Amino acid sequence: MAKGLTTREQDYSRWYTDVIAAARLADYAPVKGCMVIMPNGYAIWEKMQGALDTLFKDTGHENAYFPLFIPESFMKREAEHVEGFAPECAVVTHGGGKELEESLYVRPTSETIIWSMYKNWIQSYRDLPILINQWANVVRWEMRTRLFLRTTEFLWQEGHTAHATSEEAVQETLQMIEVYRQFAEEFMAMPVIVGLKSDKEKFAGAIQTYCIEAMMQDCKALQAGTSHFLGQNFAKAFDVTYQTEAGQREHVWATSWGVSTRLVGALIMTHSDDRGLVLPPKLAPLQAVVVPIWRGDDERAAILERVDQFTADWKGHFSFKIDDRDNYRPGWKFNEWEQRGVPVRIEIGPKDLESNQAVMVRRDTGEKQFIAQSELRDTIVQTLQTIQVDLFNRAVERRENNSHYLESYEEFKQMLDDQGGFFYVHWCGSRDCEDRLQAETKATIRAIPMNNPKEKGQCLLCGGNSEERVVIAKAY
RNA sequence: CGGGGCAUAGCGCAGUCCGGCAGCGCAUCUGCUUUGGGAGCAGAGGGUCGCAGGUUCAAAUCCUGCUGCCCCGACCA
């Protein structure tokens, strides 16, 4: 393991992989494009799952599980959908030593197999809505992969809901993007822009795609979650109808929404620094670590006894660990826990035994404070809350400092190259201008923000009329 | 798919040009001294040199074929 990490300044993308290696979050698997999520990384995902699952249940959703394999014919039912996903699908052609009569797609997403089932489950308006989520793995055969951000197989959750009316489905779509916003900001301490995707960027098979979009420390955008209003596209493709109260047959309205282990990558790139991982307390698997310092066995026993005393009432308030390993020295331990992103470290040595205090160190700021041992528990609780808020505020500040309102295409191109960031610019809404933007600058329209103030202007590219600004950035 | 690079101990590499005992650093193990920001000394273990052929008295090294991975570009959560 490297002694010092590559700094963000030196090479941002090497820094990112160094942070992951140093914190032992993940490792490259022997299969191209695939990763192993190691215990430290998986623990973060489990914290995310726990929080999200509660938010889903609180909004009336239930978990279920659908098959990994999807018959080829299902994938081909919805034209736009198959066109969007076919190039990146893995297909199973053999099973049990024989060629299959019908090839099976490894799910890139589950709309088709789920709607093939919803057809059987829905007859009348009384069967609606169906509000189902599944936690699953999916496979998308990517060319270029990066740990957590883009791998061939990844873990995610996908919600799939069925509704009697368009209004209700739209409402669900909006509700879930709001759930994602809340999760990103309250748990990940990661500010996001909530917005609508352009037609070019939306999900294959959706009418509208809403997204949460975050800014990483290199000023690039990262799509952190999406919620789709699917209209009746899948209901029509799978012939899913219901009988209305008035006795007529109507096609069912649909939504789907998901976030993935990509969020772990987003979390890393939002808060971490040149010393390693920085985790927001609400998602840190380990929130505090106590590093006792001693010389010789007598002192060791005395210190550990004291540590046991003042940690006796910590359980239930926050997660913590006492690092009493004898084979590493304190300085080594400090570095290790910093690389792992533990929010609070407590140091206690011989000098502190007499004075009944300890040193508390914040991971996010490096700030050290002497705290009375009797005050430790409450101070740590407080500090964890403070860190959570401070991380969010710093991320908001960084985003604001790197957001620009521009009118001139030349100025935009210059700034995009020089410093990057989010650019609020006018866009006429045409696909031509959007394509040209990407071809010429590699930046894309990330979102048309929700509750966007109306403002007349001229399209950055063609000068045509525009009613509002959109957010443009280079993206992961 | 296009371009570039790499494959030798758990990790990072040297050795390859010019064939001749399989090396270095970190990590690991043992012992002693250490312990408030990545400890020091002494010793030890660990290898189908990516795979398959070929040339040669002799191949990590030369030749042929194959495979895998990484990086950079077009597509994507």
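Everything numeric here is computed off the predicted structure, so don't read it as measured data. Each chain gets a letter, A, B and so on, in the order its sequence line appears, and its residues count up from 1.
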* Ignoring hydrogens and angles, answer whether the base of B:G37 and the side-chain atoms of A:Arg345 contain a donor-acceptor pair closer than 3.5 Å. => yes
* Residues A:Lys200, A:Asp435: salt bridge by 4.0 Å N-O rule -> yes
* To do: Can you tell me the distance, in whole Å, between the CH2 atom of A:Trp332 and the C1' atom of B:U34?
  => 17 Å
* Looking for any heavy atom pair under 4.0 Å, which part of the strands does A:Pro87 touch: base, sugar-phosphate only, or nothing? -> nothing
* Asked: Ion pair present between A:Asp417 and A:Lys413, side-chain N to carboxylate O less than 4.0 angstrom?
  -> no
* Compare the minimum distances between each of B:A77, B:C75, B:G36 and the side chain of A:Ser260, then state the nucleotide with the smallest one. => B:A77
* To do: Give one of base, sugar-phosphate or nothing for A:Glu338, where a contact means two heavy atoms less than 4.0 Å apart.
  => base
* Asked: Nearest-Å distance, CD (A:Gln223) to P (B:C75)?
  -> 15 Å
* Report which part of the nucleic acid A:Val291 touches: base, sugar-phosphate, or nothing (heavy-atom distance under 4.0 Å, all strands). => nothing
* To do: Determine, for A:Arg345 against A:Glu347, whether the closest basic-nitrogen to carboxylate-oxygen distance falls under 4.0 angstrom.
  => yes
* If you measure from the C1' atom in B:G4 to the same atom in B:G45, how many Å do you get, rounded? -> 39 Å
* To do: Under a 3.5 Å limit for both distances, which nucleotide forms a Watson-Crick or G-U wobble pair with B:C6, could you say?
  => B:G68
* Structure fact -> Rounded to whole Å, CD of A:Gln339 lies from C1' of B:G37 at a distance of 12 Å
* Asked: Starting at CD1 of A:Ile293 and ending at C1' of B:A39, how long is that distance when rounded to a whole Å?
  -> 15 Å
* Asked: Checking all strands, does A:Leu149 fall into the base, sugar-phosphate, or nothing category for heavy-atom contacts under 4.0 angstrom?
  -> base
* To do: Please check if the distance between the ring centroids of A:Phe66 and A:Trp115 is under 6.0 Å.
  => no
* Classify the nucleic acid contact of A:Lys442 as base, sugar-phosphate or nothing, counting any heavy atom under 4.0 Å across all strands shown. => sugar-phosphate
* Structure fact -> The answer to which of A:Tyr476 and A:Phe334 contacts RNA chain B further toward the 5' end, by nearest nucleotide, is A:Phe334
* Asked: Base, sugar-phosphate alone, or nothing: which one does A:Arg275 contact when heavy atoms must sit under 4.0 Å apart?
  -> base
* **Rounded distance in Å between the P positions of B:G15 and B:A9** => 15 Å
* Structure fact -> Rounded to whole Å, the CG-P distance (A:Asp11 to B:C70) equals 16 Å
* Asked: Which part of the nucleic acid does A:Phe203 contact within heavy-atom distance under 4.0 Å: base, sugar-phosphate only, or nothing?
  -> nothing
* If you look at every strand shown and take non-hydrogen atoms under 4.0 Å, does A:Lys333 touch a base, only sugar-phosphate, or nothing? -> nothing
* Base-pairing mate for B:C75 - Watson-Crick or G-U, with both contacts under 3.5 Å -> none
* Do the rings of A:Trp314 and A:Phe310 sit parallel, tilted or perpendicular, given the 30° and 60° boundaries? -> tilted
* Using a cut-off of strictly less than 4.0 Å, decide whether A:Arg329 has a side-chain nitrogen or oxygen near OP1 or OP2 of B:G36. => yes
* To do: Provide the Watson-Crick or G-U wobble partner of B:U16, both distances under 3.5 Å; none if there is no partner.
  => none
* Partner nucleotide of B:G46 by Watson-Crick or wobble geometry (both distances under 3.5 Å) -> none
* Nearest whole angstrom, please: distance from the C1' of B:C71 to the CZ of A:Arg146. => 11 Å
* Asked: What is the nucleic acid contact for A:Asp326, judged by heavy atoms within less than 4.0 Å: base, sugar-phosphate only, or nothing?
  -> nothing
* To do: Return the value, rounded to whole Å, for the distance between atom CD of A:Glu347 and atom P of B:U35.
  => 16 Å
* Asked: So, A:His81 versus A:Phe203, ring centres under 6.0 angstrom or not?
  -> yes
* Which one is paired to B:A39, where only Watson-Crick or G-U wobble pairs with both distances under 3.5 angstrom count? -> B:U33
* Asked: If you find the nucleotide of RNA chain B closest to A:Gly349 and the one closest to A:Glu201, which residue's nucleotide is nearer the 5' end?
  -> A:Gly349
* To do: Looking at every strand, decide which applies to A:Thr17 at a 4.0 Å heavy-atom threshold: base, sugar-phosphate, or nothing.
  => nothing
* To do: Find the partner of B:A22: check Watson-Crick (N1-N3 plus N6-O4 or O6-N4) and G-U wobble (N1-O2, O6-N3) distances, both under 3.5 Å, and reply none if neither fits.
  => none
* Asked: Whole Å only: how far is the CZ atom of A:Arg150 from the C1' atom of B:A74?
  -> 12 Å
* Ion pair A:Arg8/A:Asp218, N-O distance below 4.0 Å -> no
